[in-house]
Peer 1: 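Following this message is one structure expressed as structure tokens.
In what follows, chains carry the letters A, B, and so on, assigned in the order in which the sequence lines appear, proteins first and then strands, with residues in each chain numbered from 1.
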2 protein chains.
Amino acid sequence: MPATIRDVARLAGVSPSTVSRALSLPDVVNPATRARVRAAAEQLGYEPNRAARGLITGRTGNIGLVVPDLANPFFPSVVKGVQARARLHDVAVFLADTDEDAAAEAGLVRALAKQVDGLILCSPRATEEELAAVARETNVVLVNRLVEGVPAVTFDNEGGMRQAIAHLVALGHRRIAWVGGPKASWSSAHRIIGLYAAARDHGVKLVDVGDFAPTYEGGMAAADQVVATGATAVVAYNDLIAIGLLARLHTRGISVPGDLSVVGIDGIAMARMSRPALTTVRLPKQKAGEIAVELLLAVLDDPDPDTIIATRGKLHGELIVRDSTGVAPDPARP
Amino acid sequence: MPATIRDVARLAGVSPSTVSRALSLPDVVNPATRARVRAAAEQLGYEPNRAARGLITGRTGNIGLVVPDLANPFFPSVVKGVQARARLHDVAVFLADTDEDAAAEAGLVRALAKQVDGLILCSPRATEEELAAVARETNVVLVNRLVEGVPAVTFDNEGGMRQAIAHLVALGHRRIAWVGGPKASWSSAHRIIGLYAAARDHGVKLVDVGDFAPTYEGGMAAADQVVATGATAVVAYNDLIAIGLLARLHTRGISVPGDLSVVGIDGIAMARMSRPALTTVRLPKQKAGEIAVELLLAVLDDPDPDTIIATRGKLHGELIVRDSTGVAPDPARP
DNA sequence: GCTGAGTTTGCAATCGGTTGCACTCTTGTG
DNA sequence: CACAAGAGTGCAACCGATTGCAAACTCAGC
């Protein structure tokens, strides 16, 4: 039912090839013809059939986006960024959610790969080898993960942790606990590195209470161990864990920030709404999605390996101080 | 680079047409040949090219999903449901977020429509006429919206409101405020109808404080008006608004549920995490996404108008009682 | 042994675009 | 004025599948 290139050609009195050129290579056709073709296309509401074009060009005009779990508010933000930027470039986005399942992730990636020009993998849980393998056969951009030779946009974890520690140290904290995220999480591993570096520089003690699910429940589970460390402040892998901590601490009657200061990471909307409002390192999530699209599109246009390797984005976080952090309790008091 | 149907044909010693049939119409080809073809396809890792198939069949194997705002936790849940179910049927999902902009919505829908077999529109902000028009030229399933002659999956708003009111009445509340959502929201309009009906049945007074943005800020903005009504309980259009109410009420030193009980709607994860934990009507959001996919696929398989009109799903919500509701304050007390 | 029905398979057209090549028609140059 | 270069356009092949139609083959029945 929709108009084809032949309909336009007939109406404009030219051949289909001229229509094709008038629309996609404007400078090789006579301005007068071009205008005539454009008018005909307009009148018929002609839009090239993507499948047909894709068949010959090998390009689908689609990109795939894979995230571990949409229920974690971190990811919808990234998705929004990808969405918005892709639309600007007239590229459609296939979305897939792996439910934090590394096996499902691999299958999904392979299935998606065949239907798109490139993939954006956000916080993938797969191993480096698997990712490198995928990147070899498909155009891939990683978000929040770094693998040798694969374009990526990451967050400056070290810088973020440095800000958090500096803030806590300024408030007088000298013993700080760390609640880690999933073992397979690249960013968890890198945050702890930044944290230790910052702690060393400031001469404060860091206590690692282990790895937890990056969820509210994970935070609830971690809370008692945090308290047992005797730390006066805690940094959590993400805001969801931090909010879980807040809840359990409240239940136990431990005052935040009176007895214990809590810092999250991510800067999800919910952090503002918790009680007390959560001090956090806000990551430019949406921006990350936007840049990932730009990177991917750049790679598609110029698949030169050297360019690809240089294609990197590193985004800086920003410490947002709210009510969950305060001066360290006087050690003499109890 | 990937194997084509011709490669498989050559390896199996048959013609491409036989390969096509062996793979998609198994019973019209000789079992022996079929096995040979299957083996060859397997060996080559052959997967039919979707663009090529789409060109001839007119089917893309893709569906589109349009939501107003991924930042509202309601929608990621629906998206997850759609996702999961679509994958089961080997259908890919295009996602678009309109940023709550009705104009953008129209454009997006039209753009998406050409690349997919059908669309799922979740809580669309467009007018009935626009939606009916879209439904006439594309296969559409609505979620959380009802338009004459268009398949839809909705929530039982009346029933949900009835449960909420019954709960509040049992707690002794006799004057209940309602904080509405966006004017263009179909569900807001229908929730208020259910609310009034339930209030009448129970002989309690309902006070409408007006329409607000379906956000935390919207709830903060509504709080003072709620207090001014003198109501002892308030029902909010959604959980986000309810959580905003909680925050502002806390700031003003108004106790929840001591002075005022608060009920939300949606049952987002965040509701459990608020302080006090929010009593809410939990809607089966993910289920709605799953059913929407089933409905859409059914419509695609059988585009008979009579079937289409009968294609409806209505999901029931469930009252989750938490700490934000309690017995009405003694009127004599102040 | 021949005919006809029923199976199984291949040929070739087709979907809707894009693009290499060749052809026509200007226009500029010697 | 002839000729070459260049611009503009059309022809036809092609991308990778599906499918109507016809050919080839099998097999039963007479």
Side-chain angles (χ1 to χ4, degrees), chain A residues 1-42 44-62 90 92 113-117 300-301, chain B residues 1-41 44-62 90-92 113-117 300-301:
Chain A
M1 196 83 14
T4 76
I5 201 171
R6 273 163 253 272
D7 299 327
V8 178
R10 205 172 309 123
L11 182 59
V14 297
S15 77
S17 22
T18 301
V19 174
S20 174
R21 282 189 278 252
L23 265 25
S24 48
L25 309 160
D27 25 326
V28 313
V29 14
N30 185 304
T33 339
R34 190 199 314 157
R36 206 143 34 87
V37 170
R38 290 253 165 102
E42 182 82 17
L44 265 38
Y46 169 74
E47 291 262 356
N49 177 316
R50 294 219 177 200
R53 171 183 286 172
L55 197 49
I56 185 99
T57 62
R59 285 265 207 124
T60 61
N62 302 332
D90 198 29
K114 279 178 302 244
Q115 305 184 53
V116 300
D117 299 332
L300 293 181
D301 281 342
Chain B
M1 196 80 20
T4 75
I5 201 170
R6 268 165 261 272
D7 299 328
V8 179
R10 205 172 310 125
L11 182 59
V14 297
S15 78
S17 21
T18 301
V19 175
S20 174
R21 283 187 278 253
L23 265 25
S24 48
L25 308 161
D27 26 326
V28 312
V29 9
N30 185 304
T33 336
R34 190 199 315 156
R36 205 142 34 86
V37 170
R38 290 252 166 104
L44 264 36
Y46 169 74
E47 291 263 355
N49 178 316
R50 293 220 178 198
R53 170 182 288 171
L55 198 49
I56 187 100
T57 61
R59 284 266 206 126
T60 62
N62 303 330
D90 197 29
V91 163
K114 279 178 303 245
Q115 306 183 51
V116 300
D117 298 334
L300 292 181
D301 281 343

Peer 1: Going 5' to 3' along DNA chain D, which are the first and last nucleotides with any atom under 4.0 Å from a heavy atom of chain B?
Peer 2: D:dG16 to D:dG20
Peer 1: For B:Arg59, give me all partners under side-chain hydrogen bond (donor to acceptor under 3.5 Å, both in side chains), at least two apart in sequence or on another chain.
Peer 2: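 For B:Arg59 the side-chain hydrogen bond (donor to acceptor under 3.5 Å, both in side chains) partners, ignoring immediate neighbours, are B:Asp301.
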Peer 1: Show your working on side chain to side chain contact (heavy atoms under 4.5 Å, CB included) between A:Val37 and A:Leu23 and close with a plain yes or no.
Peer 2: CA-CA 8 Å; A:Val37 170; A:Leu23 265 25; 4.0 Å; yes
Peer 1: Using the test salt bridge (charged side-chain N to carboxylate O under 4.0 Å, His left out), find all partners of A:Arg6 that sit at least two apart in sequence or belong to another chain.
Peer 2: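 Partners of A:Arg6 under the salt bridge (charged side-chain N to carboxylate O under 4.0 Å, His left out) test: none.
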Peer 1: Quick check for you: name the first and last nucleotides of DNA chain C, 5' to 3', having an atom under 4.0 Å from a heavy atom of chain B.
Peer 2: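 In short, chain B contacts DNA chain C from C:dT8 to C:dG16.
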Peer 1: Considering residues at least two apart in sequence or located in another chain, which fulfil the side-chain hydrogen bond (donor to acceptor under 3.5 Å, both in side chains) criterion with A:Ser15?
Peer 2: A:Ser17, A:Thr18
Peer 1: Please report the shortest heavy-atom distance between A:Pro16 and A:Ala9, naming the atom on each side.
Peer 2: N-CB, 3.6 Å
Peer 1: Quick one: side chain to side chain contact (heavy atoms under 4.5 Å, CB included) partners of A:Leu55, sequence neighbours excluded?
Peer 2: B:Asn49, B:Ala52, B:Leu55
Peer 1: Identify, residue by residue, the members of residues 29-36 of chain B with a heavy atom below 4.0 Å from DNA chain D, and return them in order of residue number, or none.
Peer 2: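 Contacting residues: none.
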Peer 1: Flag the pair B:Tyr46 / B:Ile5 as yes when at least one side-chain heavy-atom distance between them is below 4.5 Å, and no otherwise.
Peer 2: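 Yes, their side chains come closer than 4.5 Å.
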Peer 1: Quick one: label A:Arg50 by what it contacts on the DNA or RNA (base, sugar-phosphate, nothing), any heavy atom closer than 4.0 Å.
Peer 2: nothing
Peer 1: I'd like to check A:Val8 versus A:Leu11 (side-chain heavy atoms, cut-off strictly below 4.5 Å). Are they in contact?
Peer 2: no
Peer 1: Could you pull out all residues at least two apart from B:Arg50 that satisfy salt bridge (charged side-chain N to carboxylate O under 4.0 Å, His left out)?
Peer 2: B:Asp90
Peer 1: Under the side-chain hydrogen bond (donor to acceptor under 3.5 Å, both in side chains) test, which residues partner A:Asp117, sequence neighbours left out?
Peer 2: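 If we apply the side-chain hydrogen bond (donor to acceptor under 3.5 Å, both in side chains) test to A:Asp117, skipping adjacent residues, the hits are A:Thr60.
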Peer 1: Short question: side chain of B:Ser24, backbone of B:Ser20 - any donor-acceptor pair under 3.5 Å?
Peer 2: yes
Peer 1: Which atoms form the tightest heavy-atom contact between A:Val19 and A:Val14, and what is the distance?
Peer 2: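 Looking at all heavy atoms of both residues, the closest pair is CG2-CG2, 3.7 Å.
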Peer 1: Got a sec, which pairs hit side chain to side chain donor-acceptor pair (under 3.5 Å) with one end in residues 25-38 of chain B, sequence neighbours left out?
Peer 2: none
Peer 1: Tell me, which of residues 11-27 of chain A have any heavy atom that sits under 4.0 Å from an atom in DNA chain C?
Peer 2: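 Within residues 11-27 of chain A, the residues near DNA chain C are A:Ser17, A:Ser20, A:Arg21.
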Peer 1: Just report the end-to-end axis angle for the helix from C:dG1-D:dC30 to C:dG30-D:dC1, five pairs per end, to 10 degrees.
Peer 2: 60°
